[in-house]
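The figures here come from the full heavy-atom set of this structure, side chains too, leaving out hydrogens, waters and symmetry mates. For the single chain, residues carry numbers from 1 onward in sequence order. What you see is a predicted model; the values in this text were computed from it and never measured.
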Amino acid sequence: IYLPYELTNTGNGTDLFDVAVSDGATGSNLASSARTAYRDTNGNGRPDSGEPELTTLSLGGGDSADIVVAVRVPGTATAGEIAGITLTARARNGTGSFVASSVDDLSPGNGRDTLEGTVESRITITRDAVLALSKTSSHDSANNTITYTLSVTNTGDTAAQDVVLFDGVPAGT
């Protein structure tokens, strides 16, 4: 399972952040087999070949980085079980060490755990169809065209039926 996040340095200068991923978020009853954070350099929500594993990340003032956490769910998982994942980020804030609660969680109410510096995600196991959608675009400036490609994969145990995809495009596009 891939969980996408964004980390933004809202400060004026460059800062170093540490990033950690752990099991056991609120309401979980299933431990993951493995979990790893990656710098999602192309922003597609998946770890691709060559994208670095993350433990620390340097960001200039106002800069953002896409992060994707890859979670391996055990093959023994059963429908209804919940794997809880916590992403923790800390900044140095101009000090020599990482400072607890130095990263603001912009989720309403600071998210599921109500804490700064952490984001909890829950993965509910299902045996239904599980569709993943990705969108890419390429611009052909010579012909003044943009080609959008939507790719859908079913990673679930059941065939998807009666699926309707809608991709709203701004007027004039």
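Gly45 and Val68 make their closest contact through O-CG2, 3.2 Å (heavy atoms, listed as atom of the first residue, atom of the second, distance).
The side-chain heavy atoms of Ile85 and Leu3, taken from C-beta on, include a pair separated by under 4.5 Å. Between Tyr2 and Val71, the closest side-chain pair of non-hydrogen atoms is not below 4.5 Å. The shortest distance between side-chain heavy atoms of Tyr38 and Val69 does not fall below 4.5 Å. Using a 4.5 Å cut-off on side-chain heavy atoms (C-beta onward), Arg35 and Asp23 make contact. Put simply, the side chain of Leu7 reaches to within 4.5 Å of the side chain of Leu57, judged on heavy atoms. Inter-residue side-chain proximity for Lys135 and Asp167 is flagged as met; some heavy-atom pair is nearer than 4.5 Å. Val73 is listed as a side-chain neighbour of Leu30, based on a closest heavy-atom distance under 4.5 Å. Between Leu131 and Val163 there is a side-chain heavy-atom pair separated by less than 4.5 Å.
Side-chain atoms of Tyr5 and Ser121 include a donor-acceptor pair closer than 3.5 Å. For the residue pair Asp140/Asn144, the side-chain donor-acceptor check at 3.5 Å is not satisfied. In the model, Thr36 has no side-chain atom that pairs as donor or acceptor with a side-chain atom of Glu53 under 3.5 Å.
Note that the CG atom of Asp18 and the CG atom of Leu16 stand 8.0 Å from one another [nearest 0.5 Å]. For the atom pair CG (Asn42) and OG1 (Thr136), the distance works out to 10.0 Å, reported to the nearest 0.5 Å. Between atom CD1 of residue Ile82 and atom CD1 of residue Ile125 there is a gap of 9.0 Å, rounded to the nearest 0.5 Å. Taking OG1 from Thr118 and CZ from Arg90, the interatomic distance works out to 12.0 Å, rounded to the nearest 0.5 Å. Of the inter-residue distances, the one linking Ile67 atom CD1 with Asp40 atom CG reads 9.5 Å to the nearest 0.5 angstrom. Note that CZ of Phe98 is 6.0 Å distant from OG1 of Thr56, once rounded to the nearest 0.5 Å.
Ser102 places a side-chain N or O within donor-acceptor distance of the main-chain N or O of Ala91, the cut-off being under 3.5 Å. The backbone N or O of Ala129 lies less than 3.5 Å from no partner atom in the side chain of Asn154, so there is not a single donor-acceptor pair. Side chain of Glu51 to main chain of Thr41: a donor-acceptor pair is present (N/O by atom type, distance under 3.5 Å, no hydrogens or angles). In terms of modelled atom types and a separation under 3.5 Å, the side chain of Asp157 and the main chain of Asp128 share no donor-acceptor contact. Side chain of Thr145 to backbone of His139: no donor-acceptor contact under 3.5 angstrom is found.
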task = Give the intermediate values and the outcome of salt bridge (Lys or Arg N to Asp or Glu O under 4.0 Å) for residues Arg92 and Asp15.
result = CA-CA 6 Å; Arg92 286 199 174 171; Asp15 207 344; over 6 Å; no
inquiry  = If you apply the rule side chain to side chain contact (heavy atoms under 4.5 Å, CB included), what do you find for Ser137 with Thr147, and how did you get there?
reply    = CA-CA 5 Å; Ser137 65; Thr147 301; over 6 Å; no
key: Working for side chain to side chain contact (heavy atoms under 4.5 Å, CB included), residues Arg46 and Ser134   = CA-CA 9 Å; Arg46 297 183 189 147; Ser134 64; 3.9 Å; yes
query = Stepwise, does the side chain to side chain contact (heavy atoms under 4.5 Å, CB included) test hold for Arg72 with Ser32?
reply = CA-CA 6 Å; Arg72 185 176 306 137; Ser32 65; 5.9 Å; no
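Electrostatic pairing of Arg39 and Asp66 does not count as a salt bridge here, judged by no charged N lying under 4.0 Å from a carboxylate O.
Residues meeting the side-chain contact (heavy atoms from CB on, under 4.5 Å) test with Pro4, sequence neighbours left out: none.
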